[in-house]
Trainee: 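So that we are looking at the same thing, I have put the structure below in C-alpha coordinates.
One-based numbering, in listed order, for ligands and for the atoms of each. Only this structure's heavy atoms are used, side chains among them; waters, hydrogens and symmetry mates stay out.
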Amino acid sequence: MSENIAAIATPFGTGGISVIRISGKTAISEFNRIFKGPDLTKAKSHTVKYGHVISLDGNILDEVMVSVFRAPRSFTAEDTVEVATHGGVLVTQSVLNEILKLDVRAAMPGEFTQRAFLNGRIDLVEAESVMDLIEAQNESALKIANLGLSKKTSTLVEDLLNEVLDLIAKIEVNIDYPEYDDAVEMTNEIIRPVAIDLIKKFEKLIYHSQRNKLIKDGIDTAIIGRPNVGKSSLLNALIEEDKAIVTDISGTTRDLIEARLNLGGITLNLIDTAGIRKTDDIVESIGIDRSIEAIKRAQLVLLVLDQSNKLTKEDKELLELTKDKKRILIGNKSDLSKQIELEGLISISSLHQIGLEELEREIISKLSLTEIETQDFNYLSNERQISKIKEAKASMEDVVKGIDLEMPVDLILVDLTNSYYSLADILGKSYETSIIDQLFSKFCLGK
Ligand SMILES: Nc1nc2c(ncn2[C@@H]2O[C@H](COP(=O)(O)OP(=O)(O)OP(=O)(O)O)[C@@H](O)[C@H]2O)c(=O)[nH]1
Ligand SMILES: [Mg+2]
(Lines give C-alpha, C1' and ligand atoms only; values in the text may rest on other atoms or scores of the structure.)
(Ligands and ions follow the chains in the order given, each with its own letter.)
Protein backbone atom coordinates (compact mmCIF):
# COMPACT_ATOMS: atom_id res chain seq x y z
CA MET A 1 0.00 0.00 0.00
CA SER A 2 2.93 2.29 0.62
CA GLU A 3 4.05 2.23 -3.05
CA ASN A 4 4.17 5.76 -4.45
CA ILE A 5 1.67 6.51 -7.21
CA ALA A 6 1.18 9.58 -9.41
CA ALA A 7 -1.31 10.90 -11.94
CA ILE A 8 -2.45 14.14 -13.52
CA ALA A 9 -5.50 15.06 -11.44
CA THR A 10 -6.92 17.75 -13.73
CA PRO A 11 -8.63 17.18 -17.11
CA PHE A 12 -6.41 16.48 -20.10
CA GLY A 13 -5.90 19.56 -22.24
CA THR A 14 -4.54 23.08 -22.11
CA GLY A 15 -5.56 25.12 -19.09
CA GLY A 16 -4.38 27.74 -16.61
CA ILE A 17 -2.78 25.14 -14.36
CA SER A 18 -2.64 21.36 -14.15
CA VAL A 19 -2.22 19.42 -10.94
CA ILE A 20 -0.19 16.25 -10.59
CA ARG A 21 -0.90 14.26 -7.47
CA ILE A 22 1.64 11.92 -5.87
CA SER A 23 0.72 9.70 -2.93
CA GLY A 24 2.63 7.07 -0.94
CA LYS A 25 4.97 6.44 1.93
CA THR A 26 7.95 8.31 0.44
CA ALA A 27 6.01 10.59 -1.94
CA ILE A 28 7.44 13.77 -0.39
CA SER A 29 11.11 12.76 -0.32
CA GLU A 30 10.93 11.24 -3.80
CA PHE A 31 9.47 14.36 -5.36
CA ASN A 32 11.95 16.47 -3.40
CA ARG A 33 14.74 14.87 -5.52
CA ILE A 34 13.58 16.81 -8.60
CA PHE A 35 12.36 19.94 -6.80
CA LYS A 36 14.53 23.06 -6.52
CA GLY A 37 13.17 25.28 -3.77
CA PRO A 38 12.57 24.85 -0.02
CA ASP A 39 13.34 21.35 1.31
CA LEU A 40 9.97 19.59 1.08
CA THR A 41 10.98 16.86 3.51
CA LYS A 42 10.98 19.56 6.19
CA ALA A 43 7.74 21.22 5.03
CA LYS A 44 4.81 21.18 7.41
CA SER A 45 1.53 19.50 6.39
CA HIS A 46 -0.92 21.71 4.47
CA THR A 47 1.67 24.18 3.25
CA VAL A 48 2.40 25.41 -0.26
CA LYS A 49 5.97 25.89 -1.57
CA TYR A 50 7.21 27.70 -4.65
CA GLY A 51 10.03 26.28 -6.75
CA HIS A 52 11.09 24.55 -9.97
CA VAL A 53 10.98 21.01 -11.22
CA ILE A 54 14.46 20.08 -12.40
CA SER A 55 14.96 16.91 -14.44
CA LEU A 56 17.38 14.33 -13.09
CA ASP A 57 19.87 15.46 -15.74
CA GLY A 58 19.62 19.07 -14.58
CA ASN A 59 17.16 20.85 -16.92
CA ILE A 60 14.44 23.16 -15.64
CA LEU A 61 11.09 21.63 -16.65
CA ASP A 62 8.61 24.04 -15.03
CA GLU A 63 7.99 26.63 -12.37
CA VAL A 64 5.53 25.11 -9.90
CA MET A 65 3.60 25.49 -6.66
CA VAL A 66 3.74 22.38 -4.49
CA SER A 67 1.22 21.53 -1.77
CA VAL A 68 2.38 19.12 0.92
CA PHE A 69 -0.06 16.97 2.90
CA ARG A 70 1.27 14.61 5.55
CA ALA A 71 -0.36 11.32 6.55
CA PRO A 72 -2.99 10.82 7.76
CA ARG A 73 -4.34 14.31 6.97
CA SER A 74 -4.64 13.86 3.21
CA PHE A 75 -7.24 12.50 0.81
CA THR A 76 -5.53 9.10 0.68
CA ALA A 77 -4.42 9.23 4.34
CA GLU A 78 -0.85 8.86 3.00
CA ASP A 79 1.88 11.45 2.46
CA THR A 80 0.77 13.39 -0.61
CA VAL A 81 2.28 16.03 -2.86
CA GLU A 82 0.21 18.07 -5.29
CA VAL A 83 2.25 19.81 -7.96
CA ALA A 84 0.56 22.69 -9.78
CA THR A 85 2.29 23.07 -13.14
CA HIS A 86 1.70 25.54 -15.93
CA GLY A 87 -1.30 24.10 -17.69
CA GLY A 88 0.15 23.01 -21.04
CA VAL A 89 -0.26 19.41 -22.12
CA LEU A 90 3.44 18.94 -22.95
CA VAL A 91 4.87 20.62 -19.87
CA THR A 92 2.57 18.70 -17.51
CA GLN A 93 3.33 15.43 -19.26
CA SER A 94 7.08 16.08 -19.08
CA VAL A 95 6.88 16.79 -15.31
CA LEU A 96 4.85 13.59 -14.83
CA ASN A 97 7.37 11.60 -16.90
CA GLU A 98 10.18 12.89 -14.70
CA ILE A 99 8.22 11.94 -11.56
CA LEU A 100 7.73 8.44 -12.97
CA LYS A 101 11.52 8.06 -13.25
CA LEU A 102 11.63 8.28 -9.45
CA ASP A 103 10.41 5.50 -7.18
CA VAL A 104 6.85 6.33 -8.25
CA ARG A 105 4.53 4.44 -10.59
CA ALA A 106 1.54 5.64 -12.63
CA ALA A 107 -1.73 5.42 -10.68
CA MET A 108 -4.60 3.30 -11.96
CA PRO A 109 -8.03 4.88 -12.48
CA GLY A 110 -9.67 5.51 -9.11
CA GLU A 111 -6.59 4.38 -7.19
CA PHE A 112 -6.33 7.49 -5.00
CA THR A 113 -9.93 7.01 -3.87
CA GLN A 114 -9.32 3.29 -3.45
CA ARG A 115 -6.43 4.06 -1.12
CA ALA A 116 -8.56 6.49 0.87
CA PHE A 117 -11.02 3.61 1.33
CA LEU A 118 -8.43 0.93 2.10
CA ASN A 119 -6.70 3.24 4.58
CA GLY A 120 -10.02 3.67 6.39
CA ARG A 121 -10.28 7.38 5.58
CA ILE A 122 -13.60 6.95 3.81
CA ASP A 123 -16.10 4.10 3.51
CA LEU A 124 -17.50 2.67 0.27
CA VAL A 125 -20.53 4.97 0.24
CA GLU A 126 -18.23 7.98 0.42
CA ALA A 127 -15.95 6.54 -2.26
CA GLU A 128 -18.91 6.03 -4.57
CA SER A 129 -20.10 9.55 -3.77
CA VAL A 130 -16.79 10.92 -5.07
CA MET A 131 -17.61 9.40 -8.47
CA ASP A 132 -21.24 10.56 -8.25
CA LEU A 133 -20.08 14.09 -7.50
CA ILE A 134 -17.86 14.13 -10.57
CA GLU A 135 -20.58 12.68 -12.79
CA ALA A 136 -23.52 14.68 -11.41
CA GLN A 137 -25.77 15.83 -14.27
CA ASN A 138 -28.11 18.06 -12.30
CA GLU A 139 -28.26 19.99 -9.04
CA SER A 140 -30.24 17.34 -7.19
CA ALA A 141 -27.63 14.72 -8.09
CA LEU A 142 -24.95 17.05 -6.80
CA LYS A 143 -26.81 17.45 -3.51
CA ILE A 144 -27.14 13.69 -3.13
CA ALA A 145 -23.44 13.16 -3.83
CA ASN A 146 -22.43 15.82 -1.34
CA LEU A 147 -24.56 14.22 1.34
CA GLY A 148 -22.89 10.90 0.61
CA LEU A 149 -19.53 12.59 1.02
CA SER A 150 -20.52 14.37 4.19
CA LYS A 151 -20.97 11.01 5.94
CA LYS A 152 -24.71 11.52 6.46
CA THR A 153 -25.58 8.60 4.23
CA SER A 154 -23.02 6.40 5.94
CA THR A 155 -24.33 7.35 9.37
CA LEU A 156 -27.80 6.28 8.31
CA VAL A 157 -26.50 2.82 7.42
CA GLU A 158 -24.30 2.67 10.54
CA ASP A 159 -27.37 3.31 12.70
CA LEU A 160 -29.25 0.40 11.13
CA LEU A 161 -26.16 -1.74 11.38
CA ASN A 162 -25.93 -1.00 15.09
CA GLU A 163 -29.56 -1.93 15.66
CA VAL A 164 -29.06 -5.30 13.99
CA LEU A 165 -25.77 -5.76 15.80
CA ASP A 166 -27.46 -5.07 19.08
CA LEU A 167 -29.95 -7.88 18.47
CA ILE A 168 -27.18 -10.26 17.43
CA ALA A 169 -25.07 -9.40 20.44
CA LYS A 170 -27.93 -9.99 22.86
CA ILE A 171 -28.81 -13.34 21.30
CA GLU A 172 -25.17 -14.44 21.23
CA VAL A 173 -24.86 -13.67 24.91
CA ASN A 174 -27.89 -15.84 25.64
CA ILE A 175 -26.53 -18.73 23.62
CA ASP A 176 -22.92 -18.57 24.73
CA TYR A 177 -23.25 -17.40 28.31
CA PRO A 178 -26.58 -18.67 29.65
CA GLU A 179 -25.28 -18.30 33.19
CA TYR A 180 -24.45 -14.62 32.75
CA ASP A 181 -26.98 -12.60 34.76
CA ASP A 182 -26.84 -9.21 33.02
CA ALA A 183 -27.81 -10.65 29.65
CA VAL A 184 -31.44 -10.01 28.77
CA GLU A 185 -33.28 -13.19 27.89
CA MET A 186 -33.93 -12.75 24.15
CA THR A 187 -37.12 -14.60 23.52
CA ASN A 188 -38.67 -14.59 20.08
CA GLU A 189 -41.37 -12.25 21.39
CA ILE A 190 -38.68 -9.67 21.97
CA ILE A 191 -36.89 -10.22 18.64
CA ARG A 192 -40.02 -10.17 16.46
CA PRO A 193 -41.17 -6.56 16.99
CA VAL A 194 -37.63 -5.25 16.58
CA ALA A 195 -37.26 -7.23 13.33
CA ILE A 196 -40.60 -5.90 12.03
CA ASP A 197 -39.53 -2.38 12.88
CA LEU A 198 -36.25 -2.87 11.02
CA ILE A 199 -38.07 -4.23 7.95
CA LYS A 200 -40.15 -1.03 7.90
CA LYS A 201 -37.02 1.09 8.11
CA PHE A 202 -35.41 -0.89 5.27
CA GLU A 203 -38.55 -0.44 3.17
CA LYS A 204 -38.55 3.31 3.70
CA LEU A 205 -34.89 3.48 2.80
CA ILE A 206 -35.42 1.40 -0.37
CA TYR A 207 -38.36 3.56 -1.45
CA HIS A 208 -36.51 6.85 -1.03
CA SER A 209 -33.28 5.47 -2.41
CA GLN A 210 -34.96 4.33 -5.60
CA ARG A 211 -36.42 7.78 -6.04
CA ASN A 212 -33.01 9.27 -5.42
CA LYS A 213 -31.58 7.00 -8.07
CA LEU A 214 -34.20 8.26 -10.51
CA ILE A 215 -33.24 11.83 -9.73
CA LYS A 216 -29.56 11.08 -10.07
CA ASP A 217 -29.65 9.05 -13.27
CA GLY A 218 -32.54 10.82 -14.97
CA ILE A 219 -35.94 9.43 -15.87
CA ASP A 220 -36.18 7.51 -19.14
CA THR A 221 -39.11 9.15 -20.89
CA ALA A 222 -40.37 7.82 -24.24
CA ILE A 223 -42.35 10.09 -26.58
CA ILE A 224 -44.59 7.74 -28.53
CA GLY A 225 -47.54 7.85 -30.89
CA ARG A 226 -48.60 6.98 -34.41
CA PRO A 227 -46.80 8.73 -37.30
CA ASN A 228 -47.19 12.46 -37.90
CA VAL A 229 -48.90 13.35 -34.60
CA GLY A 230 -45.99 15.68 -33.69
CA LYS A 231 -43.66 13.64 -31.47
CA SER A 232 -40.46 15.11 -32.88
CA SER A 233 -42.00 18.59 -32.78
CA LEU A 234 -42.71 18.03 -29.08
CA LEU A 235 -39.12 16.91 -28.39
CA ASN A 236 -37.78 20.00 -30.12
CA ALA A 237 -40.22 22.30 -28.31
CA LEU A 238 -39.32 20.86 -24.90
CA ILE A 239 -35.56 21.14 -25.36
CA GLU A 240 -35.87 24.39 -27.33
CA GLU A 241 -33.62 23.09 -30.08
CA ASP A 242 -34.14 21.73 -33.60
CA LYS A 243 -32.73 18.34 -32.76
CA ALA A 244 -35.15 15.95 -34.47
CA ILE A 245 -36.18 16.26 -38.12
CA VAL A 246 -39.80 17.37 -38.53
CA THR A 247 -41.73 17.00 -41.80
CA ASP A 248 -45.35 16.44 -42.75
CA ILE A 249 -44.41 13.03 -44.15
CA SER A 250 -45.55 10.11 -42.01
CA GLY A 251 -42.59 7.97 -40.97
CA THR A 252 -40.04 10.79 -40.77
CA THR A 253 -38.33 9.56 -37.60
CA ARG A 254 -36.71 6.18 -38.21
CA ASP A 255 -34.47 5.75 -35.18
CA LEU A 256 -34.50 6.67 -31.51
CA ILE A 257 -33.41 10.24 -30.84
CA GLU A 258 -32.29 11.05 -27.32
CA ALA A 259 -32.05 14.38 -25.52
CA ARG A 260 -31.74 15.50 -21.94
CA LEU A 261 -34.18 17.93 -20.34
CA ASN A 262 -33.72 19.52 -16.93
CA LEU A 263 -37.02 20.04 -15.14
CA GLY A 264 -36.79 21.66 -11.72
CA GLY A 265 -33.54 19.92 -10.81
CA ILE A 266 -34.60 16.60 -12.30
CA THR A 267 -33.30 15.20 -15.54
CA LEU A 268 -35.54 13.58 -18.12
CA ASN A 269 -33.82 11.34 -20.64
CA LEU A 270 -36.21 12.06 -23.50
CA ILE A 271 -36.44 9.54 -26.32
CA ASP A 272 -38.24 10.49 -29.53
CA THR A 273 -39.40 7.34 -31.32
CA ALA A 274 -40.50 6.28 -34.79
CA GLY A 275 -44.27 6.60 -35.23
CA ILE A 276 -45.91 3.23 -34.71
CA ARG A 277 -47.98 1.75 -37.57
CA LYS A 278 -48.05 -1.30 -39.84
CA THR A 279 -45.49 -0.89 -42.62
CA ASP A 280 -43.70 -2.84 -45.34
CA ASP A 281 -40.69 -0.51 -45.28
CA ILE A 282 -37.82 -2.50 -43.75
CA VAL A 283 -35.99 0.48 -42.21
CA GLU A 284 -39.17 1.93 -40.75
CA SER A 285 -40.23 -1.40 -39.30
CA ILE A 286 -36.85 -1.80 -37.55
CA GLY A 287 -37.41 1.70 -36.13
CA ILE A 288 -40.87 0.68 -34.93
CA ASP A 289 -39.44 -2.39 -33.18
CA ARG A 290 -37.08 -0.03 -31.38
CA SER A 291 -40.01 2.20 -30.41
CA ILE A 292 -41.77 -0.79 -28.82
CA GLU A 293 -38.57 -1.65 -26.92
CA ALA A 294 -38.26 1.97 -25.76
CA ILE A 295 -41.83 1.86 -24.41
CA LYS A 296 -40.98 -1.26 -22.39
CA ARG A 297 -37.84 0.31 -20.92
CA ALA A 298 -39.37 3.74 -20.26
CA GLN A 299 -40.11 4.89 -16.73
CA LEU A 300 -42.50 7.46 -18.13
CA VAL A 301 -44.41 7.44 -21.43
CA LEU A 302 -45.63 10.59 -23.18
CA LEU A 303 -48.32 9.29 -25.54
CA VAL A 304 -48.94 11.91 -28.22
CA LEU A 305 -52.30 12.02 -30.01
CA ASP A 306 -53.34 14.35 -32.84
CA GLN A 307 -56.49 15.89 -31.38
CA SER A 308 -57.43 17.57 -34.64
CA ASN A 309 -58.50 14.09 -35.77
CA LYS A 310 -60.63 11.38 -34.18
CA LEU A 311 -58.87 8.50 -32.43
CA THR A 312 -57.61 5.95 -34.94
CA LYS A 313 -57.22 2.21 -34.56
CA GLU A 314 -53.47 2.75 -34.03
CA ASP A 315 -54.11 5.33 -31.27
CA LYS A 316 -56.41 2.88 -29.52
CA GLU A 317 -53.83 0.11 -29.75
CA LEU A 318 -51.20 2.41 -28.20
CA LEU A 319 -53.61 3.44 -25.43
CA GLU A 320 -54.07 -0.26 -24.66
CA LEU A 321 -50.35 -1.08 -24.94
CA THR A 322 -49.35 1.61 -22.41
CA LYS A 323 -52.27 1.34 -20.00
CA ASP A 324 -50.14 -0.14 -17.21
CA LYS A 325 -47.24 2.29 -17.66
CA LYS A 326 -46.78 5.58 -15.91
CA ARG A 327 -47.99 7.79 -18.75
CA ILE A 328 -49.27 11.19 -19.75
CA LEU A 329 -51.79 11.55 -22.59
CA ILE A 330 -51.03 14.53 -24.79
CA GLY A 331 -53.46 16.04 -27.29
CA ASN A 332 -51.22 17.85 -29.79
CA LYS A 333 -52.29 20.29 -32.53
CA SER A 334 -54.71 22.12 -30.21
CA ASP A 335 -54.47 25.07 -32.62
CA LEU A 336 -56.44 23.16 -35.29
CA SER A 337 -59.47 21.54 -33.63
CA LYS A 338 -60.36 19.37 -30.65
CA GLN A 339 -61.94 16.11 -31.65
CA ILE A 340 -60.71 13.92 -28.81
CA GLU A 341 -62.19 13.78 -25.31
CA LEU A 342 -60.07 11.70 -22.96
CA GLU A 343 -59.69 11.88 -19.19
CA GLY A 344 -56.43 13.60 -18.21
CA LEU A 345 -55.62 14.66 -21.78
CA ILE A 346 -53.16 17.57 -21.73
CA SER A 347 -53.92 19.89 -24.61
CA ILE A 348 -50.88 21.39 -26.35
CA SER A 349 -49.55 22.72 -29.62
CA SER A 350 -45.90 21.87 -30.20
CA LEU A 351 -45.83 24.00 -33.30
CA HIS A 352 -47.08 27.11 -31.52
CA GLN A 353 -45.56 26.28 -28.11
CA ILE A 354 -48.91 26.30 -26.30
CA GLY A 355 -49.55 24.29 -23.11
CA LEU A 356 -45.94 23.21 -22.58
CA GLU A 357 -45.71 24.64 -19.07
CA GLU A 358 -48.80 22.76 -18.00
CA LEU A 359 -47.29 19.62 -19.50
CA GLU A 360 -44.08 20.13 -17.52
CA ARG A 361 -46.07 20.61 -14.32
CA GLU A 362 -47.99 17.42 -15.06
CA ILE A 363 -44.73 15.50 -15.57
CA ILE A 364 -43.40 16.64 -12.21
CA SER A 365 -46.62 15.78 -10.40
CA LYS A 366 -46.93 12.43 -12.22
CA LEU A 367 -43.52 11.43 -10.93
CA SER A 368 -44.53 12.76 -7.50
CA LEU A 369 -41.30 14.66 -7.44
CA THR A 370 -42.82 17.86 -6.09
CA GLU A 371 -41.36 17.37 -2.63
CA ILE A 372 -37.85 17.05 -4.05
CA GLU A 373 -37.04 20.62 -3.11
CA THR A 374 -37.96 20.15 0.51
CA GLN A 375 -37.03 16.54 1.15
CA ASP A 376 -33.57 15.82 2.43
CA PHE A 377 -31.49 13.54 0.31
CA ASN A 378 -30.17 11.50 3.15
CA TYR A 379 -30.50 8.26 1.23
CA LEU A 380 -28.51 5.81 -0.80
CA SER A 381 -28.29 6.44 -4.47
CA ASN A 382 -26.69 3.66 -6.43
CA GLU A 383 -27.76 0.22 -7.61
CA ARG A 384 -25.17 -1.67 -5.57
CA GLN A 385 -26.19 0.02 -2.34
CA ILE A 386 -29.90 -0.41 -2.99
CA SER A 387 -29.54 -4.11 -3.84
CA LYS A 388 -27.67 -4.66 -0.56
CA ILE A 389 -30.47 -3.01 1.43
CA LYS A 390 -32.94 -5.28 -0.38
CA GLU A 391 -30.85 -8.29 0.67
CA ALA A 392 -30.79 -7.04 4.25
CA LYS A 393 -34.57 -6.69 4.18
CA ALA A 394 -35.08 -10.20 2.69
CA SER A 395 -32.94 -11.74 5.44
CA MET A 396 -34.84 -9.82 8.09
CA GLU A 397 -38.11 -11.15 6.64
CA ASP A 398 -36.64 -14.64 7.01
CA VAL A 399 -35.99 -13.82 10.66
CA VAL A 400 -39.69 -13.06 11.17
CA LYS A 401 -40.73 -16.18 9.23
CA GLY A 402 -38.38 -18.27 11.37
CA ILE A 403 -39.88 -16.86 14.54
CA ASP A 404 -43.42 -17.55 13.31
CA LEU A 405 -42.42 -21.15 12.54
CA GLU A 406 -40.94 -21.34 16.05
CA MET A 407 -37.49 -22.20 14.81
CA PRO A 408 -34.66 -22.43 17.34
CA VAL A 409 -32.99 -19.11 18.11
CA ASP A 410 -29.59 -20.14 16.73
CA LEU A 411 -31.15 -20.66 13.28
CA ILE A 412 -32.77 -17.26 13.47
CA LEU A 413 -29.38 -15.87 14.33
CA VAL A 414 -28.09 -17.07 10.92
CA ASP A 415 -30.64 -14.87 9.09
CA LEU A 416 -29.96 -11.94 11.38
CA THR A 417 -26.26 -12.24 10.69
CA ASN A 418 -26.92 -12.36 6.92
CA SER A 419 -28.95 -9.17 7.19
CA TYR A 420 -26.09 -7.65 9.10
CA TYR A 421 -23.46 -8.57 6.51
CA SER A 422 -25.55 -7.13 3.67
CA LEU A 423 -25.62 -3.81 5.52
CA ALA A 424 -21.90 -3.97 6.30
CA ASP A 425 -21.24 -4.56 2.57
CA ILE A 426 -22.80 -1.18 1.78
CA LEU A 427 -20.02 0.53 3.70
CA GLY A 428 -17.46 -2.04 2.58
CA LYS A 429 -16.64 -2.91 6.15
CA SER A 430 -15.86 -6.27 7.60
CA TYR A 431 -17.44 -6.53 10.97
CA GLU A 432 -16.15 -9.95 12.04
CA THR A 433 -14.34 -8.37 14.94
CA SER A 434 -16.87 -5.73 15.83
CA ILE A 435 -19.51 -8.26 16.83
CA ILE A 436 -17.04 -9.51 19.38
CA ASP A 437 -16.08 -5.94 20.39
CA GLN A 438 -19.73 -5.09 20.91
CA LEU A 439 -20.29 -8.17 23.03
CA PHE A 440 -17.48 -7.30 25.34
CA SER A 441 -18.16 -3.59 25.52
CA LYS A 442 -21.83 -4.12 26.29
CA PHE A 443 -21.61 -6.95 28.75
CA CYS A 444 -18.07 -6.81 30.09
CA LEU A 445 -17.77 -10.54 29.54
CA GLY A 446 -14.01 -10.38 29.35
CA LYS A 447 -13.46 -9.98 33.06
N1 LIG B 1 -50.88 22.61 -36.74
C2 LIG B 1 -49.97 21.96 -36.05
N3 LIG B 1 -49.09 21.18 -36.69
C4 LIG B 1 -48.18 20.53 -35.97
C5 LIG B 1 -48.11 20.65 -34.55
N6 LIG B 1 -47.10 19.87 -34.10
C7 LIG B 1 -46.54 19.30 -35.19
N8 LIG B 1 -47.18 19.69 -36.31
C9 LIG B 1 -46.88 19.29 -37.70
O10 LIG B 1 -47.15 17.90 -37.87
C11 LIG B 1 -46.23 17.34 -38.81
C12 LIG B 1 -45.55 16.11 -38.20
O13 LIG B 1 -44.71 16.51 -37.13
P14 LIG B 1 -43.56 15.60 -36.56
O15 LIG B 1 -43.08 16.25 -35.32
O16 LIG B 1 -42.56 15.29 -37.60
O17 LIG B 1 -44.39 14.29 -36.23
P18 LIG B 1 -43.88 12.88 -35.67
O19 LIG B 1 -44.91 12.37 -34.74
O20 LIG B 1 -42.50 13.00 -35.14
O21 LIG B 1 -43.90 12.00 -36.98
P22 LIG B 1 -43.05 10.66 -37.33
O23 LIG B 1 -41.62 10.94 -37.03
O24 LIG B 1 -43.31 10.48 -38.77
O25 LIG B 1 -43.61 9.56 -36.52
C26 LIG B 1 -45.27 18.46 -39.18
O27 LIG B 1 -45.69 19.01 -40.38
C28 LIG B 1 -45.42 19.44 -38.04
O29 LIG B 1 -45.13 20.75 -38.40
C30 LIG B 1 -49.07 21.51 -33.90
O31 LIG B 1 -49.08 21.69 -32.68
N32 LIG B 1 -49.96 22.13 -34.71
MG1 LIG C 1 -40.76 12.15 -35.70
Trainee: Glu203: which residues meet the salt bridge (charged side-chain N to carboxylate O under 4.0 Å, His left out) condition with it, sequence neighbours left out?
Mentor: Lys393

Trainee: Under a 4.0 Å heavy-atom cut-off, which residues neighbour ligand 1?
Mentor: Pro227, Asn228, Val229, Gly230, Lys231, Ser232, Ser233, Val246, Thr247, Asp248, Ile249, Ser250, Gly251, Thr252, Thr253, Gly275, Asn332, Lys333, Asp335, Leu336, Ser349, Ser350, Leu351

Trainee: Before accepting this row, confirm whether a basic side-chain N of the pair Asp272/Lys243 lies closer than 4.0 Å to the acidic partner's carboxylate O.
Mentor: no

Trainee: Taking Asn4 for its side chain and Thr26 for its backbone only, find out whether a donor-acceptor pair lies under 3.5 Å.
Mentor: yes

Trainee: Run the salt-bridge test on Lys401 and Asp404 with the 4.0 Å N-O cut-off and return the result as yes or no.
Mentor: no

Trainee: Test Leu167 against every option in Ile412, Leu413, Val194, Val399 by the side-chain contact (heavy atoms from CB on, under 4.5 Å) rule and name the one that passes.
Mentor: Val194

Trainee: Could you note down all residue pairs passing ring pair (Phe, Tyr, Trp, His ring centres under 6.0 Å) where residues 60-103 supplies at least one of them, sequence neighbours left out?
Mentor: His46-Phe69

Trainee: Starting from the Mg ion (ligand 2), count all protein N, O or S atoms within a radius below 2.8 Å.
Mentor: 2

Trainee: Mind checking whether Asp415 and Glu397 have side chains closer than 4.5 Å, heavy atoms only?
Mentor: no

Trainee: Check whether Arg384 reaches the backbone of Ile426 with its side chain - one donor and one acceptor, N or O, closer than 3.5 Å.
Mentor: yes

Trainee: Indicate yes or no: does Glu284 engage Arg277 in a salt bridge with an N to O separation below 4.0 Å.
Mentor: yes

